[in-house]
Structures are given as C-alpha cells and as structure tokens.
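Shown next, in structure tokens, is the structure this report addresses.
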Amino acid sequence: MVQNTPISVVTIDRFIIEQEKRFPEATGALSGILYDLAVAAKMIASKVRLAGLADILGAEGTANVQGEIQQKLDVIANAIIVKALDHGGRLCAMASEEEEGIIVVPDKFQRGDYVLLFDPLDGSSNIDVNIPVGTIFSVLRRVTPGGGPGTVQDMLQPGFKQVAAGYVIYGSSTMLVYTTGQGAHGFTLDPAIGEFLLSHPDIRIPEHGRYLSVNDAYERHWSEPVKELMRHYRGMNGRRDPMNVRYVGSLVADFHRNLLGGGLFAYPANAKSPKGKLRLLYECNPLAFICEQAGGAAIDGTKRILEVQPTELHQRSPYFVGSKADVEAAAEYLAKA
Ligand code: FBP
C-alpha cells in the first residue's frame, strides 16, 4: 500500500505552470524565465560539484580540464546564466554582479518585456573550502518603451516592483527557492533524474528567530546603536533569550538557514563600509521579497528595504533580514542612531 506522504511528486516546471494558471492574462514569459533559470541552476550545480576535483583531475590533462575546471567558477556561472537566458525572447537586458555595465540582449535575439538581475555565485570566496555558495536572482518588468534594448532605468526600480525573485543554494543538496508574490516555495534537485522537485511548499519563517548571523569582527567599527542591538540579540539586556550565533560568510547559506529555522542576518553599515557591503539590487532586494513572502521582514536600518529607490546598479546597502520580531527590534534600536 503506497504511503500517504504530505508532498506529492511535483516538478518545478509543473508548479510554475500551476501558478501561472492563476493569472489568465499571463503570457508565459515569466514562467519561461523561471524555467531557464532552473536549467542554469542545474548546470552551475554540476560545475560546483566538480570544483573540489580540480586538483585530482588536473594531473591528467592539465591545460584542458584544469583550465575549464579551474576557471573562476563565478565567471563560469555568469556565462551559464547569460547563455541560458539571452535568447529566450523574454528579456531585454540583464545585470550581473560580475559585470560593470548592463548586459543587453543581442540584436540577433528577440527581446521581451522583462529584465533579470543576478549574483551568479554568491559567497564565491568560500568555494575552495567547500562551503555552500549560491546564486541569487531578481526579475522586473521593463519601464522603458518596449521593443528596444533595456536600459539601466529598467534596473533601478524599488524592490516592491519585483515580479519574481529567488536563490539557489549549492549545499549538501541543491535547492531553489523562489517567489512570484504567491508565497515562497522550495525545490530540491534530484540529481538522479535532473529534476527540481517541490520539497518545501509555502515556507513560513518563525516570528522570533533562533539564529543570529553577523560578522562581529567589525564590532569596533559599529555605531553605538548597532552594538546595543547586538547585545540585545545576545540576551545581554535581559529583553530576550540569547540567539545562537551562526555565520557561514555566504549570504545565501546564512539566509537559507534562518528562513527555515528562524533567525536574523545582519550586515550593518560600519565606519569602514558606511553603506554596508551587500548589493541592493541583486542580493538584498530578492532575498527581502522571499523573506516577506514567508512572513519575515527586511530593512536597511531605517526603512523597508523594498521601498528604497535605487540610484546605481551596484549600490550597496546596510541589511537586516529575517524573523519579523527581530527585524522590528533592529528598527527600534537603530531609530536611536
Ligand atoms: P559575493 O561573494 O557575492 O561578493 O557576496 C558577498 C559575501 O560573500 C556574502 O555572501 C557574505 O554574506 C558576505 O559577503 C561576507 O562578508 P564578510 O566577509 O565581510 O563577512
């Protein structure tokens, strides 16, 4: 007798179609972008899985394999995403953490009404030590007149304008978590069949967090209100139980743990980086959209990060994201700044 399990076997493709059906006016273009991103994620996953083999394989056919395998993985990941998305006829431009300017869809390809912003391999400094890394993406509808190449103007939209956002974590398993504004849903890659299967439908982040993710090596560069806030999270002012500190140094990995288990990721501004370190458009905004869809919150220290009007493609922002009660505590303490 077949066991009655809570989750049926649902591929990401099927899930995307089911969600699209809720919008009779949908053209399928956004679904197409999500499909192509899932394919790119599988290709990057297979490269990331190989990374640790470079040394072993190198001895055999050094130039060829080594060259291919030892090429900087984030450069490879960047190329994979561009190649998977540039010819589908759904995008008019892209922007990547790896590229200074915007990536225009070549004339030879049909252009669409969306733009894609992405961090091809977040936490890439952790690859060589086999710590989880990730890909982060954000999709916006163009605002400039249709037909021609997209422009920077199409990228510089506040986060609440996102029509889709997501990330892929290349960890003990490869997972893709995304939202189109209808909740946040997680899919795990089954490498045996090469399919992302629904494993975490409608993710809800606990109201109060267990984990605190912050690099406190910067403490001496923090403002007094930030130091006060961190003392609060550590339970040192008796207003709450201490949170467990967990910091991988890969935003996607720290965010993912906190999304599922409850927690707060913080990258405050500090004297050395007055704007913080993380990029608003393709790190902060997409994860904030997912977190809000899962019942959490995200601020830049003073306001809801999804309401920040961007002015530059690669602008940075202070960032506090995660369980609602802990983000509210951040807003309260930092209001004293
Ligand atoms: P990139 O690797 O994409 O530049 O990301 C930045 C990042 O590595 C985040 O993943 C991580 O949260 C943060 O920087 C770590 O910064 P720090 O070493 O200053 O704590």
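One-based numbering, in listed order, for ligands and for the atoms of each.
Only the side chain of Phe265 comes within 4.0 Å of ligand 1, judged by heavy-atom distances. Residue contacts with ligand 1 for Asp122 involve both N, CA, C or O and side-chain atoms from C-beta outward (heavy atoms, distance under 4.0 Å). Contacts between Asp119 and ligand 1 below 4.0 angstrom, taking non-hydrogen atoms only, involve the side chain exclusively.
If you number the atoms of ligand 1 from 1 as listed, the ones under 4.0 Å from a heavy atom of Ser250 come out as 10 (O). Those atoms of ligand 1 with a heavy atom of Tyr218 less than 4.0 angstrom away are 17 (P), 19 (O). The distance from ligand 1 to the heavy atoms of Tyr267 drops below 4.0 Å at these ligand atoms: 16 (O), 17 (P), 19 (O), 20 (O).
Under 4.0 Å is where a charged nitrogen must lie from a carboxylate oxygen, and between Asp326 and Arg240 at least one such pair does.
Nearest-heavy-atom check against atom 11 (C) of ligand 1 across Gly276, Gly249, Ser124 picks out Gly249. Nearest to atom 15 (C) of ligand 1 by heavy-atom distance, out of Tyr319, Tyr282, Tyr247, is Tyr247.
Heavy-atom separations between Glu283 and ligand 1 include at least one value shorter than 4.0 Å.
For the ring pair (Phe, Tyr, Trp, His ring centres under 6.0 Å) condition, no pair includes a residue of residues 114-157, sequence neighbours left out.
Atoms CG and CZ, from Leu287 and Phe255 in turn, are 5.0 Å apart once rounded to the nearest 0.5 Å. The distance from the CZ atom of Arg204 to the CG atom of Leu259 is 10.0 Å, given to the nearest 0.5 Å.
Relative orientation of the Tyr247 and Phe265 rings is parallel, given thresholds of 30° and 60° on the angle between their planes.
With respect to atom 12 (O) of ligand 1, the closest heavy atom belonging to the protein is Leu251 N, 3.3 Å. Of the protein's non-hydrogen atoms, Gly123 N, 2.9 Å is the one closest to atom 2 (O) of ligand 1. Nearest non-hydrogen protein atom to atom 7 (C) of ligand 1 is Lys277 NZ, 3.9 Å. Closest to atom 4 (O) of ligand 1, if we only count protein heavy atoms, is Glu97 OE2, 3.3 Å.
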Decide yes or no on salt bridge (charged side-chain N to carboxylate O under 4.0 Å, His left out) for Asp254 and Arg257, but give the supporting numbers first.
CA-CA 5 Å; Asp254 284 313; Arg257 177 213 312 106; 2.8 Å; yes
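Residue Ser125 has no nitrogen or oxygen atom sitting less than 3.5 Å from a nitrogen or oxygen atom of ligand 1, judged on distance alone.
Stacking of Lys336 on the aromatic ring of Tyr333 is recorded, both the 6.0 Å distance cut-off and the 45° axial limit being met.
Grouping Ile, Leu, Val, Met, Phe, Trp and Tyr residues whose side-chain heavy atoms lie under 4.5 Å apart, directly or via other members, places Ile131 in a hydrophobic cluster with Val129, Val248.
The hydrophobic cluster containing Val214 also contains Val252, counting ILVMFWY residues as joined when their side-chain heavy atoms lie under 4.5 angstrom apart, directly or transitively.
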